[in-house]
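Excluded from the calculations below are hydrogen atoms, water molecules and symmetry mates; all remaining heavy atoms, backbone and side chain alike, are included.
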2 protein chains.
Amino acid sequence: MAKERGPYACGLDAAVDVVGGKWKPMILWALHAGRTLRFGELKRHIPAVSEKVLIQQLRELESDGIVHREVYREVPPKVEYSLTDLGQSLNAALRPLGLWGDQHMRQIVASKEGKPSNAA
Amino acid sequence: MAKERGPYACGLDAAVDVVGGKWKPMILWALHAGRTLRFGELKRHIPAVSEKVLIQQLRELESDGIVHREVYREVPPKVEYSLTDLGQSLNAALRPLGLWGDQHMRQIVASKEGKPSNAA
DNA sequence: CGGTATCCAGTGCGATACTG
DNA sequence: CAGTATCGCACTGGATACCG
């Protein structure tokens with residue numbers, strides 16, 4: 001993801017491209033509402049991700065203007081991540097989708113198992 | 001995508017998992033607002049996708065309860081795809097994200113090229 | 001018309017080890 | 001602490017050919 005950059009057929013494609021990385025939703029969630037987190041804190045919020053991939057997705061989000069990366073040239077090193085204004089607007093646009101997921105993920109998962117769970 | 005089904009960390013993950021296929025946003029868009037399309041029509045709406053992948057993504061959406069597949073046992077064969085109620089609700093939840101993409105994709109694309117385009 | 005069957009390439013992601 | 005370097009695999013998506 002986030003390397004297509006082709007002319008998108010619709011805004012939805014662009015948005016999904018930006019937010020489509022495996023851990024990006026969780027990163028955005030961890031950073032929601034003006035929160036600022038250091039790299040290590042972010043890692044602790046998302047324990048399952050490897051450092052390489054976490055960095056990678058953060059860099060993609062940064063290069064998309066979604067997250068801001070602030071480096072403090074100290075020792076020991078300190079780097080803080082936060083959402084840009086664009087990132088906050090993205091988060092806002094994402095909220096309905098997140099709510100949809102919260103409301104329906106049970107039946108989504110269930111329908112996979114062959115249990116219709118009287119969906120829709 | 002759409003085979004993880006692990007316990008999602010948040011609704012956003014679930015939603016992205018459902019809509020994260022390369023062509024799924026376009027499929028949902030093509031089917032928006034109660035439209036019913038035959039397989040061939042769908043293909044014409046999205047010319048770049050191969051038949052295999054189109055079928056595949058349609059099946060995943062179907063198995064997620066997003067699209068309805070109606071088979072008419074005639075000759076020549078006829079199959080119609082439409083959104084379920086769940087699919088329509090998903091589309092509604094997706095609209096803000098689509099608008100966000102429409103509004104910002106220029107600066108997204110631009111920021112990749114190294115042109116800040118006074119973003120955010 | 002509406003698929004399925006194969007084969008294949010790209011890459012996203014993960015694990016591990018090492019560094020300023 | 002906050003990365004970078006390397007390796008490897010699984011999976012997604014693409015091309016083509018064939019079928020009911």
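In this structure, A:Val18 and A:Lys24 approach most closely via the heavy-atom pair O-CD, 3.2 Å. Between B:Leu54 and B:Lys43, the shortest heavy-atom contact is CD2-CG, 3.5 Å. A:Leu86 and B:Gln107 get closest at one heavy-atom pair: CD2-OE1, 3.7 Å.
The aromatic rings of A:His32 and A:Trp29 lie parallel to each other, their planes meeting at an angle below 30°, with 60° marking the opposite boundary.
At whole-Å resolution of the value, CZ in B:Arg59 and P in C:dT4 are 4 Å apart. Separating the CD1 atom of A:Ile55 from the P atom of C:dG12 is a distance of 17 Å, rounded to the nearest angstrom. Taking atom CD of B:Glu51 as the reference point, atom P of C:dC1 lies 10 Å away to the nearest angstrom. Here the C1' atom of nucleotide D:dG13 and the NZ atom of B:Lys24 are 12 Å apart, to the nearest Å. Rounded to an integer number of Å, the gap from B:Leu54 CG to C:dC1 C1' is 13 Å. The interatomic distance linking A:Ile27 (CD1) with C:dC13 (P) rounds to 10 Å, in whole Å. Atom P of nucleotide D:dT4 and atom NZ of A:Lys52 are separated by 12 Å, given to the nearest angstrom. Taking atom NZ of A:Lys78 as the reference point, atom C1' of D:dC1 lies 12 Å away to the nearest angstrom.
Backbone-only engagement by A:Gln57 is indicated by non-hydrogen atom pairs under 4.0 Å involving sugar-phosphate atoms exclusively. Within 4.0 Å (heavy atoms only), B:Lys43 reaches no atom of the nucleic acid at all. Nucleic acid contact class of A:Tyr72 (heavy atoms, under 4.0 Å, all strands): none.
Between B:Arg38 and C:dG2, a side-chain N or O to OP1/OP2 separation shorter than 4.0 Å is present. OP1 or OP2 of D:dG3 lies within a sub-4.0 Å distance of a side-chain N or O belonging to A:Arg69. Note on A:Tyr81: every side-chain N or O is 4.0 Å or more away from OP1 and OP2 of D:dC1. Distances shown here put a side-chain N or O of B:Lys22 below 4.0 Å from the OP1 or OP2 atom of D:dG14.
Set against D:dC1, C:dG14, C:dG2, the side chain of A:Ser50 has C:dG14 as its closest nucleotide. Of the candidate nucleotides D:dG3, C:dG2, C:dG14, C:dG14 has the atom nearest to the side chain of A:Trp23. Residue A:Val53 has its side chain nearest to C:dG14 when only D:dC1, C:dG14, D:dG3 are considered.
Between A:Trp23 and the options A:Leu42, A:Val49, A:Leu61, A:Leu58, a side-chain contact (heavy atoms from CB on, under 4.5 Å) holds for only A:Val49.
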